[in-house]
Amino acid sequence: MASSSKANLAEQDEGEEAEEIEHFNDFTLASSWERFISEIEATCRQWLADGPKRLLEKGAVHLDSSDNIYKVKSELKNAAKIYSMEYYFEISGKIADWNCTLHDLQLCFGVKEFLVISPQSASGVVLDAPEATKLLSAVSIALANCSSLWPAFVPVHDPSRKAFIGIQNMGTIFTRRFEADRIGSQVPIKFMHLEGLYELFVSKFAYCMSDHSMHLFRVHLLMKLTYQTLSNDEDNYDDIQEADTENAESETSPGCGNPNRKHWDDDCPWNEWYSAEDPVMRFDLVVTWSEKVVESSLEMAEMENASPHEAEKWILAPNLYPNLDSSKGDRIGFASQLHLLVNALEMSFEAPFIEDFVSVENPGSDNLESTMVIPPPTVLDRVLKDLFLEAIAVLWIEFVQEIRWHWEESQPLPKIPANGSIDLATCLINQKLQMLAICIGKKRELNEEFEDCIGTKDDASANMEKMQEVNKVGDESSSFHARSQAFDEKRDSLLTPEGFNGSKTVESKFSANAQDVHSSDKSTLDSIRRGSAGPVGSMKLLKLCQSLHAPFTQSAPLMTEDMHEERLRAIETFGFSFNFSAQLERETLSSDMSAFKAANPGAVFEDFIRWYSPRDWENDESEAKGPSTDLTEGMNVDWPPQGRLSRRMSESGNFWRKIWDEAPILPASEQKPLLDPNREGEKILHYLETMQPHQLLEQMVCSAFRASADTLNQTNYGSLKEMDTKMDQLYLTMASTLRPLQVNLLSNTSDTIEDLQRLCVVFEHVEKLLILAASLHRRFRQVPRISEAIFSNYYNFYLPTMGIGLADVDTQKEFDMKLQLSQNERQVVSNMFTPPTANQSWRKVLSMGNHLNGHEPILREIIFSMHDNASDNHYASSSHRDYQQDTETYRMYTCGTSNDLRVALSIISYD
C-alpha cells in the first residue's frame, strides 16, 4: 500500500509539472498594447540613466521660448498609429518663478520636468477620449515600473482649446491628476471677476456649495497682471478718426487739417530726409502681487479694486517691430539710399559720359517690353538700378545747366557761400562750386564798377577813350583796368601822419577801399609812393634812410584740391628745389614784388627779402657801423642795417632775383588780377560738363556716407556707451573704405565695390541701432537706467548679426527682455499709459478691475492653491507610513481676459 501510494504521489507531481508547462507565459505572444508599454518603459529608463548632461551631449534641443528648457524626442508605434513622446527637462536646479520664461505646462501645473505623448497627426492631439485615457494609463504604468516621478500629459480635444489631461505618481499612496481647458469666447460674467474665480476654485474641494459662505478656506493666491501701452498703429488710427471728425465738422474751411498731429521723430536730425518708423512697437508692463492668503470672496472683491501701484513687482518688457531685426518691411533710411548709390557707382564704369545713361540707345532699357506679367525680383532689381542711375544722370545734367545760367547771368549760387575761401575738406565738386561762387562775385563787382565808370562820363569822346584804354589791356584784364581808374584819386594820396607805424609788421591784402598812407618824410620820393599800407616798425631801406613800407598785395590765387595735387605731382616729377618752388609761385611773387617796389621807391632786392622772408636775411651785428650822421643827423637810428642774404638767396642764378628784376613797379590796384574770374569760371563749367559718370558717383558716394553719418551723429541718445563705440567704429570704417575713392584709385575691377557694399550693411546696422537708442532716450529721459538697460540688452542680442546682411538674420529668434523697475521708476512708466480718449473708450468695454490710468489689463494670471497636511487628510490610512509634509493638494491656474479664459487644475487624490 505504501508503495502504491508513493507511486500515485509521483504521478500526481508529474501531472502538475506537465500542467505548469502547458500554462507557461510566453511573452512573445504579448499584446501590442503590452509591447507599447514596454517600449515606453525602455525609453524612459534610458533617459533616466543618461541624465540631463548626457542627454545634452546626445543632441537635446533647446527651446527658443525658454532660456533653460531642453527636450528629447522618441517615436513609438502602437498597431497602426505612431506616437511621439517628448521629455522636457531643465539644466539648472534653480526653481524658476512665473516671472521667468516657463513652458506652458510648467506654468499651468507647477511642474518642473515632464513627458508629453501625442499622436503624429495633423492636429497633434488625441480626439478620442477613451484613447486618451488608455494612452495616459500606458505611460503611467511604464513610469511606475521605472520608479519615475515624472508627470505625463496627453493633449486632447481641439488644438485651439490647448486642453491636456495628465497624471503623476507621487511615490506614496497619492496620485496627482491634471486637467486643462480653455473657453475661447463668451466667458461667463462671473468668471470675469476675481470673486467668481475664487468660488470656482473652492468648489473643487468644498463638499457642497453652501460651504462657501459657512466655512473659511485658507486659499493661497498669486496674481500677475499684464498691461500694454497702445501701439503706434492704434495711436495713428485714433488720430485719423479724430482728424476725420474734425474735417467733417469744418468742411467749409478748405485746407484745414490736423496741425497738432506730430510724428515721433519730427525733431530728430534725420527727419529732414526721411521719417523713420518707431522701432518700439509697445511696452508690456507685468505687475505681480506677492503671495496672499484669502479666506473669503469679499477679500477677492477688495483685491480687484486694488491699484497696480500696490503690487510687489513691476516688470517692463519692450516689444520691438520685427523689421528691426530683419530686412522685412520698408527700407527708407540712409542705408537704403547708400545701397543704391553704390550699385550706381558699380554701373557707372559702363559709359564714358553722363549723357549715355539717358540716351535712347541705353542698352539697359532695350529689353524692357510692356507686359502684364510681373517680372522676377532679379529683373526688378536690375530695372530699379537702371532707373536710379538714369535719375542721377538727368538730375546732374539739369543741375549743370542751372549752374551755367547762374554763371552767365552773374547770379549768386544758392547755399554756396562766396566768402573768399575754399573748404578743402569737402568733395571736389563742392570746392569747384565754391570757387565758381567766388568768380561770380568778382565778375559782378567788375561789371558793376565798369558800369559806374562808364556812367560818370558825360561826353561820348570820354567813353571812347575809356574803351580804347580797356582794349589795350586785353579781354582778360579789361574790367579790372576800368576798376583801377576809380583808384586814380586814391592811389596818389598823401601818406598817413607820423605815428601809424608800430612794432609789428603790417600786411594788408588788396582792397578797393584801401587808401595810401604817408610818412612825415618830405623827400621827393614820397610823392610817388603808391600802394603803401604803412611803415613796418622801425625798419629802414638799405640804400635810402627811408622807412620800409608794407604794400597792399593781392590775395593769393584760390586753388581746389585737384590744383594742389597737380602741383604736388609736378614737384614729385621734377624734384623739389628752391628755384622750382619759386617758378610755381611766380605770379604771386611777381605781384608782391611789384607792389613792394611801388610802396618803397628805391628799394632793392635785399629790402624785399627782409620784409617778405626774414629767415633769408642774416643779421651781422659784429659789422655794425653805428649810427649814421649824414642823413640821420639828430636822430638815434642805426642805418644802414647790417647783414647779408642767406646762402640760397645769394646763389648765382637765383630765380627770386630774376623775378625781382623783371617785376614792374605797379601797386596792387593797377596789377592784373591773379585770379581771372572769367577764365576760372569757364574752366569750372567745363569740368562739370565733361565729368565722367564714375567720377561723379565716387564723389557722391563719399559725400553721402559722410553727410549721412554726420546727420545721424547729431542724434541725442543719452549716455549709451555702446552707441558711442559703434559710431566711432563707423567713422573709422568709412575712412578706410572710402579712401580709394578720394584718391581716384577706383576701377571697375576693384575690390572696393565689395568693401562699399559691406560698408552699407554696417551702416544699416548702426542706423537701426541709433534710431532705437533715440526712441528709448526720448521715453526715459528722467530715468535713463531703463533706456540704458534695454539698449544694452538688445545690443548684446543684436551684435552677432552685425557682421552679416539683414536679409540673413535669423528672424525666428525674437528679442525678449524683462526689466524689474524700482519704486522711483514706476511713475515714469505709469505716465506712458495715458488715459484713453473718448474715441478709445467706446471701443473698449472695461469689464475687469485693477485699472491703470483707465487701462484694464490685457492678461490676468492667477494661481490658487490649497495646502494640506497628508496625515490629517481623510485619505490617510493607518496602514501606511505617516506622510508628515505640507502638500499642495489643490492648484488652479487661470489665464485670460474678458473674452478668453483658460483654466488648469491639479488635484492630489488617494490611490
Any non-hydrogen side-chain atom of [X] less than 4.5 Å from a side-chain atom of [Y]?
X: I862; Y: Y198; answer: no
X: F114; Y: W150; answer: no
X: E825; Y: R785; answer: yes
X: L720; Y: E788; answer: yes
X: I141; Y: L143; answer: no
X: Q820; Y: K313; answer: yes
X: T226; Y: I858; answer: yes
X: R177; Y: S909; answer: yes

Pair [X] + [Y]: basic N to acidic O under 4.0 Å:
X: D50; Y: R45; answer: no
X: R779; Y: D278; answer: yes
X: K292; Y: E299; answer: no
X: E195; Y: K190; answer: no
X: K53; Y: E57; answer: no
X: D104; Y: K162; answer: no

Ring centres of [X] and [Y] under 6.0 Å apart?
X: F164; Y: F109; answer: no
X: Y794; Y: F797; answer: yes
X: F815; Y: Y798; answer: no
X: H62; Y: Y70; answer: yes

Test log, rule side chain to side chain contact (heavy atoms under 4.5 Å, CB included), inputs I863 and R891: CA-CA 7 Å; I863 296 179; R891 184 184 190 274; 3.3 Å; yes
Heavy-atom pair with the smallest gap, counting every atom of [X] and [Y]:
X: S865; Y: E888; result: CB-OE2, 3.4 Å
X: I167; Y: F178; result: N-CD1, 3.6 Å
X: V126; Y: V154; result: CG2-CG1, 3.7 Å
X: P155; Y: S118; result: CG-CB, 3.6 Å
X: V111; Y: Q106; result: O-CG, 3.3 Å
X: R826; Y: A311; result: NH1-O, 3.2 Å

How about [atom1] on [X], more than 12 heavy atoms from neighbouring residues, nucleotides or ligands closer than 6.0 Å, or not?
X: Q782; atom1: CD; result: no
X: K58; atom1: NZ; result: yes
X: R781; atom1: CZ; result: yes

Stepwise side chain to side chain donor-acceptor pair (under 3.5 Å) test for H851 and E856: CA-CA 5 Å; H851 297 160; E856 70 175 11; 4.5 Å; no
Pair Y83-E75, side chain to side chain donor-acceptor pair (under 3.5 Å): steps then yes or no: CA-CA 6 Å; Y83 295 91; E75 291 186 358; over 6 Å; no
Donor-acceptor side-chain pairing of T175 and N169 below 3.5 angstrom: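 Side-chain D/A pair, T175 to N169: absent.
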Could you label the plane-to-plane angle of the [X] and [Y] rings as parallel, tilted or perpendicular, counting under 30° as parallel and over 60° as perpendicular?
X: Y890; Y: F205; result: tilted
X: H103; Y: Y88; result: tilted
X: F283; Y: F780; result: perpendicular

From CA spacing to verdict: side chain to side chain donor-acceptor pair (under 3.5 Å), E722, S792: CA-CA 7 Å; E722 296 92 345; S792 178; 3.1 Å; yes
Ignoring hydrogens and geometry, is there a side-chain-to-backbone donor-acceptor pair from [X] to [Y] under 3.5 Å?
X: H855; Y: T834; answer: yes
X: N831; Y: Q827; answer: yes
X: N145; Y: S38; answer: no
X: H309; Y: A306; answer: no
X: N853; Y: F833; answer: yes

Charged tip of K134 within 45° of W33 ring normal and under 6.0 Å: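 Ring-cation test returns yes.
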Side chain to side chain contact (heavy atoms under 4.5 Å, CB included) between L905 and K204, worked out: CA-CA 9 Å; L905 182 66; K204 299 301 179 181; 3.7 Å; yes
Test side-chain contact (heavy atoms from CB on, under 4.5 Å) applied to Y227 and V829, L852, D284, the passing residue: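 Testing Y227 for a side-chain contact (heavy atoms from CB on, under 4.5 Å) against V829, L852, D284 leaves exactly one candidate, L852.
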Audit row: S822, N824, side chain to side chain donor-acceptor pair (under 3.5 Å) steps and yes/no: CA-CA 6 Å; S822 60; N824 62 331; 2.4 Å; yes
E39/K77 under salt bridge (charged side-chain N to carboxylate O under 4.0 Å, His left out): CA gap, chis, key distance, verdict: CA-CA 9 Å; E39 188 175 356; K77 187 174 182 180; over 6 Å; no
Audit row: L316, I786, side chain to side chain contact (heavy atoms under 4.5 Å, CB included) steps and yes/no: CA-CA 9 Å; L316 190 66; I786 298 180; 4.0 Å; yes
Derivation of the side chain to side chain contact (heavy atoms under 4.5 Å, CB included) call for L821 and V783: CA-CA 10 Å; L821 304 178; V783 281; over 6 Å; no
